[in-house]
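First, the structure itself, so that you have it in front of you.
Remember, predicted model here, so these are calculated numbers, not experimental data. Quick note: residue numbers are just sequence positions, from 1.
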Amino acid sequence: MASSKTSKALLGAAFLMATSAVGPGFLTQTTVFTQQLATSFGFIILISVVIDLCVQFNIWQIVTVSGKHAQDLANVLFPGLGYLLALLIVVGGLAFNIGNVAGAGLGIEAMTGIPVATGAVISAAMAIGIFLFKEAGKAMDSFSKILGLIMIGLILYIAFTSNPPFAEAIRHTFIPEKFDPVSTLTLVGGTVGGYISFAGAHRLLDSGFKGKTALPQVNRGAATGILLTAVIRYFLFLATLGIILTGAKINPENPTASVFENAGGQLGRQMFGLMIWAAAITSVVGAAYTSISFLKSFHPLLEKYQTYLTILFILISTSIFLIVGKPVKVLIFVGTLNGFVLPVALIILLIASRKSRLMGSYKHPLLLQIAGWLVVLVLLGLGMKLF
C-alpha cells in the first residue's frame with residue numbers, strides 16, 4: 001500500500017471517528033454541562049479523554065489485528081454473542097442518529113430560518129447522496145475531513161472571541177472544584193460509546209488494514225481521532241465558559257446556538273448553524289455506515305445490499321425524529337445510553353483478545369488490558385451511581 005494512500009486512509013478513519021463523535025449531541029452536552037460545572041468541566045473532559053484513549057487503543061488494535069469485524073469476533077468467541085453486540089450497537093446507533101438528524105435540522109434553521117423538520121429532511125437526503133456514489137468509502141472520508149476542518153476553524157474563532165478565563169479553566173482542568181458522574185458517563189458515551197468506538201476500526205478493516213504489521217498506523221489513527229475530538233470539545237468548553245461568565249442567558253431549547261450568538265451576534269448564529277450542521281451530517285453518515293457494518297457480515301445478502309440498508313437506516317432515524325421531536329432532550333439522552341453500551345462491547349473484545357484461536361500469536365499488551373478493565377469498572381460504577 002503506497003504511503004500517501006495509507007496516510008489518506010488513516011486520516012479518513014480518524015476523521016470518521018472524530019466527526020462521528022463530534023455530533024450535535026456532543027455540542028449540546030458540552031454546552032449544558034459547562035453551564036452546570038463552569039471551569040470544573042475541564043476536569044470531566046480530561047477524564048473522558050484518558051478513558052477514550054484506553055477504549056480506542058484497545059478496540060482498534062483488537063479488531064484490526066484479528067482481521068474481523070467486532071460482531072464476528074464476538075460470535076466466534078461465543079455463538080450468538082455477536083448478534084447481541086450488533087443489536088446493542090445498532091439500537092444505540094439508531095438512537096444517536098435520531099439526534100444527529102435533529103441537529104442537522106437545527107443547523108439549517110439557524111443558517112436560513114427553514115423549519116427544523118424541513119432542514120432535517122434536506123440533510124438526510126444529502127447524507128443518502130454520499131452512499132449513492134460509486135466510491136462511497138472515499139466520498140465519506142473526504143466529506144468527513146473537509147467538514148471536520150471547518151468545525152475546528154469555527155470553534156477556534158468562537159473560543160477566542162468569547163474571552164474565557166484561560167488560566168482558571170486550565171487550573172480547574174487538573175484540580176476541579178466539583179465533580180459530576182452523570183456528565184462523565186454522558187461525555188464518554190458521546191465520544192466513544194456505542195457505534196463510535198468502532199467507526200474508525202471498521203473503516204480501517206474495510207480499507208485493508210489488518211494484522212500485526214498494521215499496528216503502528218492503527219495506533220496513530222486512533223490517537224489522531226481522539227486528539228481531534230479533545231481539541232474541539234475543550235475549545236467549545238472555553239467558548240461556552242466565556243459567554244456564561246458574562247451573565248448571558250442561554251436558551252435551553254438550543255443552548256449551543258446561544259453561545260455562538262452571544263459571541264458573534266447574527267453572524268455567530270449563522271456560524272453556529274454551519275457548525276452544528278457539519279457536526280450533525282458527518283455523524284449521520286458515520287452512524288449509518290458503522291451500524292450497518294455490524295450487520296453486513298451475518299449474511300451475503302446483507303453485504304450485497306449494504307448501501308440500501310444504510311439508506312434505510314437514515315430514513316428510519318429521520319422518520320422517528322419527525323414523529324418524536326424534542327431534539328435537545330434526545331441529544332442528551334443518547335449520549336448516556338451509549339455510555340452503557342460501551343462497557344459491554346469492551347468486555348467482549350478484552351476477553352476475545354486473550355484467545356489465540358482469534359488472535360493467533362498476537363499478545364495484546366498487558367497495560368492496555370489493565371487500562372481496558374479499569375475503564376469497564378469505572379463506567380459500570382458511574383452507571384450504577386446514575387441509577
- Message: Using modelled atom types and a 3.5 Å cut-off, is there a donor and acceptor pairing between side-chain atoms of Thr318 and backbone atoms of Val121?
- Response: no
- Under the side-chain contact (heavy atoms from CB on, under 4.5 Å) criterion, do Phe41 and Ile45 qualify, and how do the steps go? CA-CA 6 Å; Phe41 184 58; Ile45 295 174; 3.7 Å; yes
- Item | Ser317 side chain reached by Val101 side chain, heavy atoms, under 4.5 Å |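 With C-beta onward as the side chain, the pair touches.
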- Between CD1 of Ile347 and CG of Leu85, what distance do you get to the nearest 0.5 Å? 11.5 Å
- Message: Does any part of the side chain of Ile320, heavy atoms only, come nearer than 4.5 Å to the side chain of Leu94, both counted from C-beta?
- Response: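 Yes, side chains in contact.
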- Indicate, with yes or no, if Phe174 and Phe235 share a hydrophobic cluster defined by side-chain heavy-atom contacts under 4.5 Å among Ile, Leu, Val, Met, Phe, Trp and Tyr.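 They do share one cluster, since a chain of ILVMFWY contacts under 4.5 Å joins Phe235 to Phe174.
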- Item | same_hphob_cluster(Tyr83, Leu88) at 4.5 Å side-chain heavy-atom cutoff | yes
- Query: Shortest non-hydrogen contact from Trp277 to Ser123?
  - Reply: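 Looking at all heavy atoms of both residues, the shortest contact is NE1-OG, 3.0 Å.
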- Task: State, without any angle test, whether His364 and Ser353 hold a side-chain donor-acceptor pair at a distance under 3.5 Å.
- Result: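 No donor-acceptor contact under 3.5 Å links the two side chains.
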- Item | With Val284, the side chain to side chain contact (heavy atoms under 4.5 Å, CB included) member among Ile314, Ile130, Ile128 |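 Going through the options one by one, the only one that passes is Ile314.
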- Query: When rounded to the nearest 0.5 angstrom, what is the spacing between OG1 in Thr240 and CD1 in Ile243?
  - Reply: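 These two atoms lie 8.0 Å from each other.
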- Same apolar cluster (I L V M F W Y, side chains within < 4.5 Å links), Ile150/Met126: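 Result: yes, single cluster for both.
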- Within a strict 4.5 Å, meaning less than it, do heavy atoms of the Ile44 and Phe33 side chains meet?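 Ile44 vs Phe33: side chains apart.
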- Closest heavy-atom pair and its distance - Gly93, Ala287: O-CB, 4.2 Å
- Might you point out which heavy atoms bring Ala278 and Thr282 nearest each other, and give the distance in Å? O-OG1, 2.7 Å
- Here the pair of heavy atoms bringing Gly42 nearest to Phe237 is N-CZ, 3.6 Å
- Query: Which other residues belong to the hydrophobic cluster containing Tyr305, where Ile, Leu, Val, Met, Phe, Trp and Tyr are joined when side-chain heavy atoms lie under 4.5 Å apart, directly or via other members?
  - Reply: Leu301, Tyr308
- Item | Separation between CG of Leu154 and CE of Met271, rounded to the nearest 0.5 Å |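 If I round to the nearest 0.5 Å, the distance is 4.5 Å.
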- Query: So how far is it from Leu350 CG to Ile59 CD1, rounded to the nearest 0.5 Å?
  - Reply: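 It is 8.5 Å, given to the nearest 0.5 Å.
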- NZ-OG distance between Lys363 and Ser356, expressed to the nearest 0.5 angstrom: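 Going from NZ on Lys363 over to OG on Ser356, the span is 6.5 Å.
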- Message: How close do Phe298 and Gly82 get, counting heavy atoms only, and between which atoms?
- Response: CZ-O, 3.8 Å
- Does the side-chain contact (heavy atoms from CB on, under 4.5 Å) test come out yes or no for Met359 and Ile62, once each step is laid out? CA-CA 8 Å; Met359 308 301 293; Ile62 294 166; 4.2 Å; yes
- What's the verdict on side-chain contact (heavy atoms from CB on, under 4.5 Å) for Trp60 and Asn219, showing C-alpha distance, side-chain angles and the deciding distance? CA-CA 8 Å; Trp60 285 39; Asn219 288 337; over 6 Å; no
- Item | Ile351 and Phe78: CA distance, side-chain angles, deciding distance, side-chain contact (heavy atoms from CB on, under 4.5 Å) verdict | CA-CA 11 Å; Ile351 294 171; Phe78 188 86; over 6 Å; no
- Message: If you apply the rule side-chain hydrogen bond (donor to acceptor under 3.5 Å, both in side chains), what do you find for Asn97 with Asn100, and how did you get there?
- Response: CA-CA 5 Å; Asn97 225 30; Asn100 293 335; 3.1 Å; yes
- Query: What's the spacing between Lys296 NZ and Leu309 CG if we round to 0.5 Å?
  - Reply: 11.0 Å
- Assess whether atom OH of Tyr157 is packed by more than 12 heavy atoms of other residues, nucleotides or ligands within 6.0 Å.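 No - once you tally the heavy atoms of other residues, nucleotides and ligands closer than 6.0 Å, there are 12 at most.
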- Check: Gln61 and Tyr362 side chains under 4.5 Å, non-hydrogen atoms: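 Yes, side chains in contact.
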- Query: Is the Phe160-Phe166 ring centre distance short of 6.0 angstrom?
  - Reply: yes
- Query: Does atom CZ of Arg171 have more than 12 heavy-atom neighbours from other groups under 6.0 Å away?
  - Reply: yes
- Keeping the roles fixed (side chain from Lys178, backbone from Ala38), state whether a donor-acceptor pair exists under 3.5 Å. no
- Taking the six-membered ring for Trp, is the centroid-to-centroid distance between His202 and Phe294 below 6.0 Å?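 Yes, the ring of His202 comes within the 6.0 Å limit of the ring of Phe294, centre to centre.
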- Item | Single-linkage hydrophobic cluster Leu374~Leu380, side-chain heavy atoms < 4.5 angstrom |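 No, Leu374 does not connect to Leu380 through the hydrophobic network.
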- Message: Hydrophobic clustering (ILVMFWY, side-chain heavy atoms < 4.5 Å, transitive) - are Trp373 and Val378 grouped together?
- Response: yes
- Item | Contact check, side chains of Leu349 and Leu73, non-hydrogen atoms, under 4.5 Å |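 Side-chain contact under 4.5 Å: yes.
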- Under 4.5 Å between any side-chain heavy atoms of Arg357 and Leu77, yes or no? yes
- Message: Quick check: closest heavy atoms across Leu205 and Thr64, and the distance to 0.1 Å?
- Response: CD2-CA, 4.2 Å
- Taking C-beta and beyond as the side chain, do Val49 and Tyr234 meet within less than 4.5 Å on heavy atoms?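 No - every pair of side-chain heavy atoms lies 4.5 Å or more apart.
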- Message: Side chains of Thr307 and Thr310, heavy atoms from C-beta outward: is any pair under 4.5 Å?
- Response: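 Contact flag for Thr307/Thr310 side chains = no.
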